Amino acid sequence: MLKQICDALTALRQYILQTHWSARGKAYSTHLLTDRLYSGISDDIDRLKELSIGATNDLSIADAESTFKDALAYIRALSENPSVSNTQAMLHTCMQLENAVSNLLQQACEYYSVLPAQTPYKAGILNALGDIDEKRLRDIYLIKTELEQ
């Protein structure tokens with residue numbers, strides 16, 4: 001489940017970066033917003049991957065090829081044309097990715113909250129998931145605000 005979240009966050013990060021590169025002219029506020037969002041997502045991915053590896057001793061979550069392949073699958077599933085350069089359309093896809101990540105985070109919080117207290121890293125994982133979910137909700141609001149302009 002944590003790998004799915006990391007894959008979805010990776011997709012979101014890459015798509016936000018693509019949106020950042022494509023935003024120009026009147027969309028300069030989008031350029032600034034996506035620059036800020038991109039940085040925060042990288043920190044979230046790093047935190048989750050480190051906790052996941054510590055909790056499971058499974059290094060497969062750090063496999064770059066698998067992560068990018070699965071991230072691309074998320075983008076393709078949500079975007080009719082992943083290479084589109086229309087900033088508004090790209091922001092809509094960012095919003096869809098944000099919502100997908102938020103749903104995965106909520107499922108993971110529910111899953112980890114019912115595990116026994118002695119589960120390794122349970123508290124750390126729950127705290128990280130809660131923090132990331134809070135950031136995602138804030139970022140959803142920022143993207144929604146940008147789309148309404």
Side-chain angles (χ1 to χ4, degrees), residues 1-23 27 29-80 82 87-149:
M1 184 172 293
L2 295 177
K3 181 175 180 345
Q4 284 181 299
I5 295 169
C6 289
D7 293 343
L9 282 169
T10 299
L12 178 61
R13 179 185 63 190
Q14 293 310 117
Y15 207 83
I16 283 178
L17 183 59
Q18 178 72 27
T19 306
H20 172 78
W21 290 332
S22 299
S29 61
T30 301
H31 179 82
L32 295 175
L33 172 65
T34 53
D35 185 49
R36 179 178 169 267
L37 298 178
Y38 175 80
S39 300
I41 294 171
S42 295
D43 293 341
D44 294 341
I45 293 168
D46 185 58
R47 183 177 180 189
L48 263 186
K49 285 193 176 199
E50 288 171 353
L51 278 168
S52 298
I53 290 168
T56 65
N57 290 321
D58 181 5
L59 294 176
S60 67
I61 195 168
D63 179 41
E65 187 175 325
S66 170
T67 296
F68 285 121
K69 178 182 158 198
D70 293 340
L72 183 58
Y74 274 100
I75 292 171
R76 285 184 174 150
L78 294 174
S79 178
E80 293 176 17
T87 304
Q88 287 294 101
M90 294 177 82
L91 279 175
H92 279 287
T93 299
C94 289
M95 180 67 83
Q96 290 176 303
L97 285 164
E98 286 280 14
N99 287 324
V101 169
S102 186
N103 289 336
L104 287 170
L105 286 165
Q106 289 171 10
Q107 291 171 15
C109 284
E110 290 171 11
Y111 172 79
Y112 280 96
S113 66
V114 297
L115 290 178
Q118 67 271 21
T119 302
Y121 295 89
K122 175 184 175 177
I125 290 171
L126 277 171
N127 286 337
L129 292 171
D131 290 347
I132 293 168
D133 190 41
E134 187 176 313
K135 286 181 195 176
R136 302 283 38 93
L137 292 174
R138 183 184 63 235
D139 291 353
I140 286 170
Y141 171 78
L142 293 172
I143 292 171
K144 189 181 291 185
T145 302
E146 186 69 21
L147 281 167
E148 291 171 355
Q149 292 184 10

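Remember, predicted model here, so these are calculated numbers, not experimental data.
- Here the closest heavy-atom approach between residue I61 and residue K49 is recorded as O-NZ, 3.1 Å.
- In this structure, T119 contributes its side chain and P116 its backbone to a donor-acceptor pair below 3.5 Å.
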Show every donor-acceptor pair shorter than 3.5 Å between a side-chain atom in residues 2-11 and any protein atom, with sequence neighbours excluded, or say none if there are none.
{"from": "K3", "atom 1": "NZ", "to": "D7", "atom 2": "OD1", "distance (Å)": "3.2"}
{"from": "K3", "atom 1": "NZ", "to": "D7", "atom 2": "OD2", "distance (Å)": "2.9"}
{"from": "K3", "atom 1": "NZ", "to": "S66", "atom 2": "OG", "distance (Å)": "3.1"}
{"from": "K3", "atom 1": "NZ", "to": "D70", "atom 2": "OD2", "distance (Å)": "3.1"}
{"from": "T10", "atom 1": "OG1", "to": "C6", "atom 2": "O", "distance (Å)": "2.8"}

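- The minimum heavy-atom distance linking E146 with S29 is given by the pair OE2-OG, 2.6 Å.
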Indicate every side-chain donor-acceptor pair of residues 137-145 with a distance under 3.5 Å to a residue at least two apart or in another chain.
{"from": "D139", "atom 1": "OD2", "to": "R136", "atom 2": "NH2", "distance (Å)": "2.4"}
{"from": "T145", "atom 1": "OG1", "to": "Y141", "atom 2": "O", "distance (Å)": "2.8"}

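- Checked by atom type and distance alone, the side chain of D35 never pairs as donor or acceptor with a backbone atom of H31 at under 3.5 Å.
- Atom CD of Q88 is surrounded by more than 12 heavy atoms from other residues, nucleotides or ligands within 6.0 Å.
- A 4.5 Å side-chain heavy-atom check between T34 and L17 finds every atom pair outside the cut-off.
- Atoms CG and OG1, from L91 and T87 in turn, are 7.0 Å apart once rounded to the nearest 0.5 Å.
- A distance of 6.0 Å separates CG in L126 from SG in C109, rounded to the nearest 0.5 Å.
- Interatomic distance, CG of L129 versus OH of Y111, reported as 12.0 Å (0.5 Å rounding).
- A distance of 11.5 Å separates CG in L105 from CD in E110, rounded to the nearest 0.5 Å.
- Residues I45 and I41 form a side-chain contact, since some pair of their non-hydrogen atoms from C-beta on lies under 4.5 Å apart.
- A donor-acceptor pair under 3.5 Å is formed between the side chain of K122 and the backbone N or O of L115.
- A 4.5 Å side-chain heavy-atom check between E98 and L12 finds at least one atom pair inside the cut-off.
- Taking every heavy atom of both residues into account, S42 and R13 meet most closely at OG-CD, 3.2 Å.
- Taking CG from D43 and OH from Y38, the interatomic distance works out to 10.5 Å, rounded to the nearest 0.5 Å.
- From Q18, atom CD reaches atom SG of C94 across 9.5 Å, with rounding to the nearest 0.5 Å.
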